[in-house]
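What follows is a single structure, written as structure tokens, with notes after it.
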Amino acid sequence: MDEKVVQYYRKITREGYRYSGSLENPSIFIDSVGEKIPLCSNSVNAYVRIYVKIQEEIIEDVKYLCTCKPTANVVAEIFCSLIIGKSIAELEKLNEQAFADSLGTSDEEYLEASGNIIKLLQIGLEKYKS
Amino acid sequence: MLDQETIRDIRKDFPALNNTRNGMPPIYFDNACTTLTPEPVIKSMDEYYMDFPGCGGRRSRHWFADETYMRIEGKPEKEIKGSRSIFKEFINAGNESEIIFTQNATHGINIVALGFNFRSGDIVLLTDLEHNSNLLPWQRLRRKSLIQLKFTESDENGCFELDKYKSMLEQDKVRLVSMAYTFNLTGYTIPAKEIIRLAHQHGARVLLDAAQTAPYQSIDVQDLDVDFLVFSVHKMCGPRGVGILYGKRELLGSNSSEEEAEDVIEPALLGGGSVGDSTYDSYYLLDPPERFETGIQNYPGQIAAGEAVKYIQRIGLNHIYTYVNSLNQFLTDELLHHFGHTGWFTLFGPKDPSMRGGILAFDIKRPNAPGIAEDLSERSNIMIRDGGFCVHSFINKQFGEGWMLPSPPSEHRMIYRISLYFYNTIEECEIFLEELTNVFRERCYI
């Protein structure tokens with residue numbers, strides 16, 4: 001695991017998984033099991049379910065459930081921290097660079113999982129808008 | 001007991017063990033899924049394709065076919081023993097016609113399930129730890145209301161409870177007992193001989209799934225008095241896609257006998273190779289084993305399967321079991337010593353490794369427990385297995401359905417299985433323990 005990812009992982013295991021959980025009646029529900037998009041391409045054990053609550057076009061709350069390796073779990077936590085309080089327009093612009101900047105790493109596994117969670121977000125946004 | 005020098009020599013026979021990744025040789029601990037293949041077995045398949053790739057089974061009259069036929073059925077006048085005869089001796093069957101080539105153990109179980117003369121309401125008795133191979137074929141018959149299914153319950157260590165089994169036989173009119181001889185999750189071997197004796201005493205037939213037994217232990221079907229027995233050759237250094245179904249001769253049918261035993265199985269599949277003659281209105285089947293081996297067969301696989309048996313017999317099954325179990329003993333002791341007290345590391349099956357052959361499975365109940373097998377593979381070229389091990393029914397009962405679906409990290413868990421074979425070494429076990437400890441440390445478990 002990348003050192004920056006390890007550091008963040010240690011932080012969340014020490015302080016608690018801030019965004020872990022689920023939301024009732026979410027505005028957007030994204031299920032990577034159903035979408036068949038694992039967070040890590042070589043894993044059948046790296047799935048996430050994301051629950052997003054939107055109030056007046058702003059992300060009011062976000063939670064996730066996962067079954068994944070530490071790196072993918074870090075990505076899920078970073079993802080939530082990046083989108084909470086943001087507008088839908090800002091969500092549409094979310095990219096891997098934001099994840100890289102957030103931890104200060106370009107680790108391949110970390111960015112791959114970031115790319116996949118962005119793909120899932122886009123699917124969720126499409127469904128929300130339709 | 002196999003010594004280190006012998007193991008070093010044996011390892012030279014396995015080309016895959018030289019297949020380094022990032023400069024590291026593979027540490028292959030997934031043998032209960034499929035074993036590696038030694039050169040003599042690979043060569044025998046190559047030889048078929050390169051030199052005489054003909055049809056077996058007496059279909060064709062030319063020398064390619066003769067060469068193929070000879071390697072499978074033998075040629076006594078040339079003192080050539082065929083694969084079928086090798087398997088007959090391997091499990092001490094009474095007759096070569098009792099040895100049916102299949103695709104694998106699953107195929108063999110399905111042949112029995114689909115061909116057995118069930119009467120509506122018949123009871124089939126399984127254990128609670130069956131592989132899907134020995135569960136789904138029976139569930140399908142239950143769905144069709146043809147049979148009832150009952151399950152014996154293992155004790156808290158995953159061991160078979162003979163007294164409870166006996167009560168079930170006394171209570172219910174069981175028609176067929178179908179059980180894993182050795183469990184793929186725990187490595188525990190059931191007391192098969194006594195199970196069969198009791199079943200027969202109560203008028204039930206017995207099918208044993210010996211997929212995890214045949215690679216490690218001698219099997220004597222006559223001594224066991226088992227009615228049907230299946231296993232896969234890919235778990236014992238053989239090619240993929242070849243298995244054996246043994247059936248007692250009187251249960252496999254015949255053209256000549258006027259009165260057949262009640263429990264004779266019919267071939268599940270019919271077609272070329274299984275039939276003596278046919279008209280637009282009728283057909284007659286050949287005697288076993290041909291009647292069960294319809295269509296063009298996996299001839300190179302069947303030839304190589306015989307080579308695999310010869311290979312492991314040269315090493316000796318007793319030596320294999322003792323050696324593999326000694327590695328299991330070492331790993332079990334180390335793992336329990338370091339993690340047994342943590343509360344998040346739990347062994348499956350009996351704690352005593354001498355009851356688990358070469359299999360060691362454990363549950364890790366910690367955040368982000370999934371993915372350790374991938375980590376070990378990527379960072380250290382160590383191959384172990386994770387998941388539900390095709391024993392979903394048992395694990396779902398223990399952990400609750402959907403236990404592998406996304407959940408809060410605090411509820412994460414994953415089962416990992418190490419399965420050993422004779423080419424594994426104590427050094428590999430040490431590297432595995434070190435790397436596993438590193439993974440645990442990185443994940444903040446220790």
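Just so it is clear: chains get the letters A, B, ... in the order the sequence lines come, proteins before strands, and each one is counted from 1.
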Practice problem: Could you grab the distance from atom CD of B:Glu378 to atom NZ of A:Lys69, nearest 0.5 Å is fine? | Solution: 4.5 Å
Quiz prompt | Atom CD of A:Glu15: over 12 foreign heavy atoms under 6.0 Å | solution = yes
Practice problem: Please say whether more than 12 non-hydrogen atoms of neighbouring residues, nucleotides or ligands are located less than 6.0 Å from NZ in A:Lys93. | Solution: no
Quiz item: What's the spacing between A:Thr71 OG1 and B:Asn368 CG if we round to 0.5 Å?
Solution: 9.0 Å
Self-check item: Interatomic spacing from NE2 in B:His412 to OG1 in A:Thr67 - rounded to 0.5 Å
Solution: 5.5 Å
Exercise. Pick one of side chain, backbone, both or neither for B:Leu405, based on which atoms fall under 4.5 Å of a heavy atom in chain A.
Key: both
Quiz item: To the nearest 0.5 Å, what is the distance between CD (B:Glu442) and OH (A:Tyr9)?
Solution: 9.5 Å
Self-check item: Pick from B:Pro408, B:Ala373, B:Ser410 with the largest number of heavy-atom pairs that fall under 4.5 Å of chain A
Solution: B:Pro408
Quiz item: Hey, are the side chains of A:Val33 and B:Pro406 touching, using non-hydrogen atoms and a 4.5 Å cut-off?
Solution: yes
Quiz prompt | Note, A:Tyr47 side chain near B:Pro370 side chain (heavy atom, < 4.5 Å) | solution = no
Quiz prompt | Among B:Cys444, B:Ala369, B:Ser407, residue most engaged with chain A (heavy-atom pairs, under 4.5 Å) | solution = B:Ser407
Quiz item: Side chain, backbone, both or neither: which part of A:Val48 has a heavy atom under 4.5 Å from chain B?
Solution: backbone
